[in-house]
There are 2 protein chains.
Amino acid sequence: MPSDLGRTRRPEATCPVEVALAAIGGRWTTLVLRDLMSGPRSFTELADGLPTLSAKVLTERLAGLEQQGLVARRRLGGFPARTEYRLTEAGQLLRPLLVELYRTGEALLAVNPR
Amino acid sequence: MPSDLGRTRRPEATCPVEVALAAIGGRWTTLVLRDLMSGPRSFTELADGLPTLSAKVLTERLAGLEQQGLVARRRLGGFPARTEYRLTEAGQLLRPLLVELYRTGEALLAVNPR
DNA sequence: CCGCATCCGATTGGATACTG
DNA sequence: CAGTATCCAATCGGATGCGG
């Protein structure tokens with residue numbers, strides 16, 4: 001955050017903060033990212049780790065992340081078909097942010113427990 | 001992020017990550033927080049800094065932040081009435097997260113420019 | 001100055017059923 | 001296994017107008 005405090009007129013897609021928010025935005029997204037942080041996963045493996053997440057939303061999240069260049073899809077032939085999802089180099093950049101989200105949440109809970 | 005990778009079944013409100021996301025969630029919220037980071041602001045000062053933000057949404061954001069204990073409201077008597085909003089101690093805890101959001105966004109833009 | 005009330009269109013996420 | 005296709009309820013954010 002340089003010295004442009006208080007100057008932004010509206011949320012712009014090119015603002016770094018907005019870019020980062022877009023990456024982690026949407027329900028379940030941080031959980032999907034967390035699972036991918038520990039290594040490549042197939043569609044079903046991800047779905048199994050998040051049992052109450054519908055296939056539609058998982059598809060949407062993965063498509064969004066792929067479009068942002070954060071996740072790469074790899075179709076593996078054979079039958080049954082398999083698809084492997086893994087974080088790209090760009091996706092790895094999100095790790096410190098997820099850690100900071102966790103850290104901040106813990107600090108908030110310590111101050112103001114529920 | 002301890003070793004509970006891949007275990008969460010659904011987004012739970014008590015998860016630290018969800019707590020942090022709730023704090024910064026919603027359009028404009030990070031911009032409102034950024035303006036408050038540099039000191040107390042009145043309703044109109046905040047609105048002037050974010051000209052395309054409707055009063056309704058600003059009210060909603062401030063009410064939400066207040067309910068989470070991140071922002072404190074102080075009514076100043078006199079006429080016209082004045083209300084001062086400032087970050088609480090808990091709200092100050094969000095500063096490193098905002099910095100990290102900015103940092104991460106910059107890094108993403110460097111890898112994958114728009 | 002500081003909001004609240006109301007309405008409304010758009011987006012979101014969940015449920016369900018079906019396909020290559 | 002890995003999705004797509006619909007449909008639907010709920011939420012969200014923007015616009016406008018009024019009131020303390």
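Chain letters run A, B, ... following the sequence lines, proteins first and then strands; every chain starts at 1. In what follows, every heavy atom counts, from backbone to side chain, and hydrogens, waters and symmetry copies are set aside.
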**Report entry** Residue-phosphate contact under 4.0 Å: A/S42 side-chain N/O, D/dA2 OP1/OP2
**Finding:** yes

Requested in this report: Return the value, rounded to whole Å, for the distance between atom CZ of A/R41 and atom P of D/dC1.
Outcome: 15 Å

Query raised in the report: B/A55 has a side chain; which of D/dG3, C/dC4, C/dG13 sits nearest to it?
Result: C/dC4

Report task. Compare the minimum distances between each of C/dG3, C/dC2, D/dG14 and the side chain of B/Y85, then state the nucleotide with the smallest one. Result -> C/dG3

Query raised in the report: Does a side-chain N or O from B/R27 land closer than 4.0 Å to OP1 or OP2 of D/dG14, or not?
Result: yes

Query raised in the report: Between the side-chain atoms of B/K56 and the base atoms of D/dG13, is any donor-acceptor pair under 3.5 Å?
Result: yes

Report task. Indicate yes or no for a side-chain donor-acceptor contact from A/R61 to the backbone of A/R27 under 3.5 Å, with no hydrogens or angles considered. Result -> yes

Query raised in the report: Between D/dG3, D/dC1, C/dG14, which nucleotide gets closest to the side-chain atoms of A/V57?
Result: C/dG14

Query - A/R41-A/S38 side chain donor-acceptor pair, cut-off 3.5 Å - result: yes

Query raised in the report: Could you state the CG-C1' distance from B/L62 to C/dC4, rounded to the nearest angstrom?
Result: 14 Å

**Report entry** Along DNA chain C (nearest heavy atom to each residue), the more 5'-positioned of B/R73 and A/A81
**Finding:** B/R73

Requested in this report: Between A/G26 and A/F79, just flag the one whose closest nucleotide in DNA chain C comes earlier from the 5' side.
Outcome: A/G26

Requested in this report: Report yes or no: do A/T104 and A/E100 form a side-chain donor-acceptor pair below 3.5 Å?
Outcome: yes

Report task. Check whether any side-chain nitrogen or oxygen of B/T83 sits under 4.0 Å from OP1 or OP2 of C/dG3, and answer yes or no. Result -> yes

Query raised in the report: For the pair made of CG in B/L50 and P in D/dG13, what is the distance, rounded to whole Å?
Result: 14 Å

Requested in this report: Send over the distance from A/R61 CZ to C/dT12 C1', rounded to a whole Å.
Outcome: 8 Å

**Report entry** B/E60 CD - D/dA15 C1' separation (whole Å)
**Finding:** 13 Å

Requested in this report: Looking only at non-hydrogen atoms, find the nearest pair between A/G25 and A/T29 and report the distance.
Outcome: O-OG1, 2.8 Å

Report summary line: From CG of A/L58 across to P of D/dT4 the rounded distance in Å is 11 Å

**Report entry** Whole-Å gap separating P (C/dG3) and CG (B/L46)
**Finding:** 10 Å

Query raised in the report: How long is the line joining CD of B/E45 and P of C/dC1, in whole Å?
Result: 10 Å

Query raised in the report: Which part of the nucleic acid does A/T59 contact within heavy-atom distance under 4.0 Å: base, sugar-phosphate only, or nothing?
Result: base

Query raised in the report: Which pair of non-hydrogen atoms, one from A/A20 and one from A/L97, has the smallest distance, and what is that distance?
Result: CB-CD2, 4.3 Å

Query raised in the report: If you check every side-chain atom of A/T44, which of D/dG14, D/dC1, C/dC1 has the closest atom?
Result: D/dC1

Report task. Please determine, for the side chain of A/R75, which listed nucleotide (D/dG3, D/dG14, C/dC2) has the closest atom? Result -> D/dG3

